Amino acid sequence: MKFIRIILFPLVPLYHVVTWLRNFFFDHGWLKSKAYNKPIICVGNLSTGGTGKSPMIEYLIRLLKDNYRIATLSRGYKRQTEGFVLADAEANANTIGDEPYQFHSKFPEILVAVDADRQNGIARLLNHAEQPEVILLDDAYQHRKVKSGLNILLTPYDKPYYRDFVLPTGNLREPRSGAKRADIIIVTKCPAHLGRQEKELMVSRLGPDSHQQVFFSHINYSGKVYSFKNELDILDLPKFSLVTGIANPKPLKEFLVEKGLKFDHLEYPDHHEFNSRDIEALKKKDIIVTTEKDYVRLKHIAQLKEKLYYLPITFELDRPLDFENRIKGFLAKKA
């Protein structure tokens with residue numbers, strides 16, 4: 001794969017120019033963006049994935065759900081439906097996608113919708129009987145037809161966008177200059193005790209404008225794993241199989257190794273659709289530990305229920321009060 005990316009390097013300037021021109025046309029009004037009176041918060045990235053968008057969306061849900069009617073709107077990647085779908089009691093990973101189904105399972109009190117056409121999705125949500133007061137757009141940074149009120153851009157600590165190239169050689173969906181559209185930049189998946197000097201160095205390399213705030217975040221892993229009816233202290237786990245279908249399982253593996261746990265790792269691509277061969281292989285395992293995103297794709301399989309556990313995570317910011325004030329300040333202006 002790396003070799004193929006290297007030999008495709010001559011295509012990088014072409015991709016760069018095409019995506020830059022697209023942004024240029026939107027920035028100058030030659031391509032139209034639609035603005036809304038309702039607060040719309042977009043969470044996204046410049047790269048192709050693995051930046052922690054879902055934990056960020058969940059962080060915002062927890063921050064706002066007690067005071068606002070919240071809706072999330074996602075594309076619903078790899079779902080088996082088309083058009084606008086609003087999650088209901090019959091929803092599952094096949095009908096709305098794994099990450100939206102995770103939101104719906106954890107926060108049944110909010111509206112969770114999917115639609116590849118974000119303008120249509122927003123219109124349908126705003127016509128809902130329980131009209132949301134805040135809409136969170138998941139992975140919509142490149143959806144320029146919607147003019148979000150607040151853009152939150154995520155970039156991973158181990159490969160920030162200033163060290164990356166556009167596709168096909170790199171992982172960037174658009175040139176680094178696209179970061180200038182962000183109101184908030186969050187460096188995700190940092191070491192838990194990142195020092196002040198390293199933060200300052202990263203901020204200088206990110207080069208934020210005066211209106212942009214930069215935050216640093218890290219992932220906290222739970223001390224317990226959970227099944228549909230049971231929980232175990234992570235240190236009490238016997239040897240198990242780790243099953244991941246996420247973009248970057250490296251931090252999770254490092255955490256488990258640091259805990260001294262013994263496991264084999266079955267690594268699948270991001271948003272992997274588990275087929276019958278995969279399921280047969282999993283049935284042979286004694287204990288399976290997986291991520292929340294993978295758990296919602298596997299929990300319906302009866303033969304795995306007794307052995308399937310997930311490890312919850314939480315998203316932690318270095319200056320949570322500053323972040324909360326920025327979000328609340330934005331909402332106050334839209335009130």
Side-chain angles (χ1 to χ4, degrees), residues 33-34 36 38-45 47-65 68-154 173 245-247 268-274 291-300 310 315:
S33 297
K34 185 172 182 178
Y36 297 85
K38 290 287 182 181
I40 309 256
I41 300 175
C42 169
V43 175
N45 42 233
S47 61
T48 52
T51 58
K53 294 182 296 295
S54 295
M56 180 75 250
I57 291 287
E58 292 187 7
Y59 187 96
L60 289 167
I61 293 171
R62 291 188 179 96
L63 179 64
L64 301 174
K65 67 183 179 66
Y68 298 91
R69 290 192 302 276
I70 304 296
T72 66
L73 178 61
S74 310
R75 172 187 171 189
Y77 185 62
K78 286 196 173 181
R79 61 187 169 114
Q80 297 175 8
T81 57
E82 295 182 357
F84 178 84
V85 179
L86 184 66
D88 57 18
E90 305 302 319
N92 56 52
N94 291 328
T95 60
I96 61 174
D98 50 14
E99 289 162 341
Y101 183 50
Q102 181 177 318
F103 303 152
H104 177 60
S105 299
K106 295 175 74 171
F107 307 102
E109 69 272 32
I110 74 168
L111 296 175
V112 174
V114 294
D115 197 333
D117 182 341
R118 304 304 171 94
Q119 284 192 7
N120 181 67
I122 292 170
R124 294 286 296 271
L125 284 169
L126 294 180
N127 284 326
H128 192 270
E130 298 178 5
Q131 186 183 100
E133 296 172 309
V134 180
I135 297 176
L136 306 178
L137 295 184
D138 176 28
D139 195 14
Y141 198 76
Q142 284 74 40
H143 287 260
R144 300 295 308 274
K145 290 184 179 181
V146 170
K147 187 175 179 60
S148 301
L150 190 76
N151 282 303
I152 300 176
L153 177 67
L154 309 183
R173 298 168 172 173
I246 57 177
Y268 298 94
D270 195 18
H271 299 281
H272 180 68
E273 296 179 11
F274 293 92
T291 66
E292 289 185 88
K293 186 167 83 169
D294 295 305
Y295 182 78
V296 299
R297 291 201 296 270
L298 293 169
K299 67 178 184 178
H300 67 283
Y310 68 89
F315 185 91

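Values in this document were obtained by computation on a predicted structure and should not be read as measured data.
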Inset, instruction - Name all residues meeting the side-chain contact (heavy atoms from CB on, under 4.5 Å) criterion together with K106; count only those two or more places apart in sequence or in a different chain, and write none if there are none. - result: E58, R62, Q102, E292
Legend entry - Donor-acceptor contact present, side-chain E133 to main-chain K38, <3.5 Å: no
Inset, instruction - Sequence neighbours left out, what passes side-chain contact (heavy atoms from CB on, under 4.5 Å) with Q80? Give chain and number order. - result: N94
Legend entry - Check against side-chain contact (heavy atoms from CB on, under 4.5 Å), V43 and L136: CA-CA 7 Å; V43 175; L136 306 178; 6.0 Å; no
Legend entry - K65, NZ atom: more than 12 neighbouring heavy atoms under 6.0 Å: yes
Legend entry - Nearest atoms (heavy-atom pairs only) where I110 meets I70: CB-O, 3.4 Å
Legend entry - Criterion side-chain contact (heavy atoms from CB on, under 4.5 Å) on V114 and T95, from CA distance to verdict: CA-CA 9 Å; V114 294; T95 60; over 6 Å; no
Legend entry - side-chain contact (heavy atoms from CB on, under 4.5 Å), paired with L137, selected from V146, T72, I57: V146
Legend entry - Residues which pass salt bridge (charged side-chain N to carboxylate O under 4.0 Å, His left out) with E90, listed by chain and number, not counting sequence neighbours: none
Inset, instruction - With the side chain counted from C-beta on, respond yes when K53 and S74 share a heavy-atom pair under 4.5 Å apart, and no when they do not. - result: no
Inset, instruction - Please identify each residue that fulfils side chain to side chain donor-acceptor pair (under 3.5 Å) with S148, with sequence neighbours left out. - result: none
Inset, instruction - Output all residues satisfying side-chain contact (heavy atoms from CB on, under 4.5 Å) with T291, sequence neighbours left out; order by chain, then residue number. - result: T244, I246, L252, K293, D294
Legend entry - Partners meeting side chain to side chain donor-acceptor pair (under 3.5 Å) with D117 (sequence neighbours left out): none
Legend entry - For A93 against V296, the heavy-atom pair lying closest together: CB-O, 4.2 Å
Inset, instruction - Could you pull out all residues at least two apart from P55 that satisfy side-chain contact (heavy atoms from CB on, under 4.5 Å)? - result: I219, I313, F315
Legend entry - L126 vs I135, side-chain contact (heavy atoms from CB on, under 4.5 Å): CA-CA, chis, key distance, verdict: CA-CA 9 Å; L126 294 180; I135 297 176; 4.1 Å; yes
Legend entry - Residue pairs involving residues 74-85 (criterion salt bridge (charged side-chain N to carboxylate O under 4.0 Å, His left out); sequence neighbours excluded): none
Inset, instruction - Take L60 and V134 through the side-chain contact (heavy atoms from CB on, under 4.5 Å) test and state the conclusion after the steps. - result: CA-CA 10 Å; L60 289 167; V134 180; over 6 Å; no
Inset, instruction - Could I get the full list of salt bridge (charged side-chain N to carboxylate O under 4.0 Å, His left out) partners for D138, not counting sequence neighbours? - result: none
Legend entry - N/O donor-acceptor pair under 3.5 Å between H143 side chain and K145 backbone: no
Legend entry - Minimum side-chain heavy-atom gap H300-N92 below 4.5 Å: no
Legend entry - Shortest non-hydrogen separation from G245 to R297 and the atoms involved: O-NH2, 3.5 Å
Legend entry - Pair listing, ring pair (Phe, Tyr, Trp, His ring centres under 6.0 Å) test, anchored in residues 71-119, at least two apart: Y77-H271
Inset, instruction - Mind checking salt bridge (charged side-chain N to carboxylate O under 4.0 Å, His left out) for R144 and listing every partner two or more places apart, or none if nothing turns up? - result: D27
Inset, instruction - Could you list the residues that satisfy salt bridge (charged side-chain N to carboxylate O under 4.0 Å, His left out) with R173, not counting sequence neighbours? - result: D139
Legend entry - Minimum heavy-atom distance between A71 and P132, given as atom pair plus value: CB-CB, 3.6 Å
Inset, instruction - Would you check if T81 and I96 make a side-chain contact, meaning some heavy-atom pair closer than 4.5 Å? - result: no
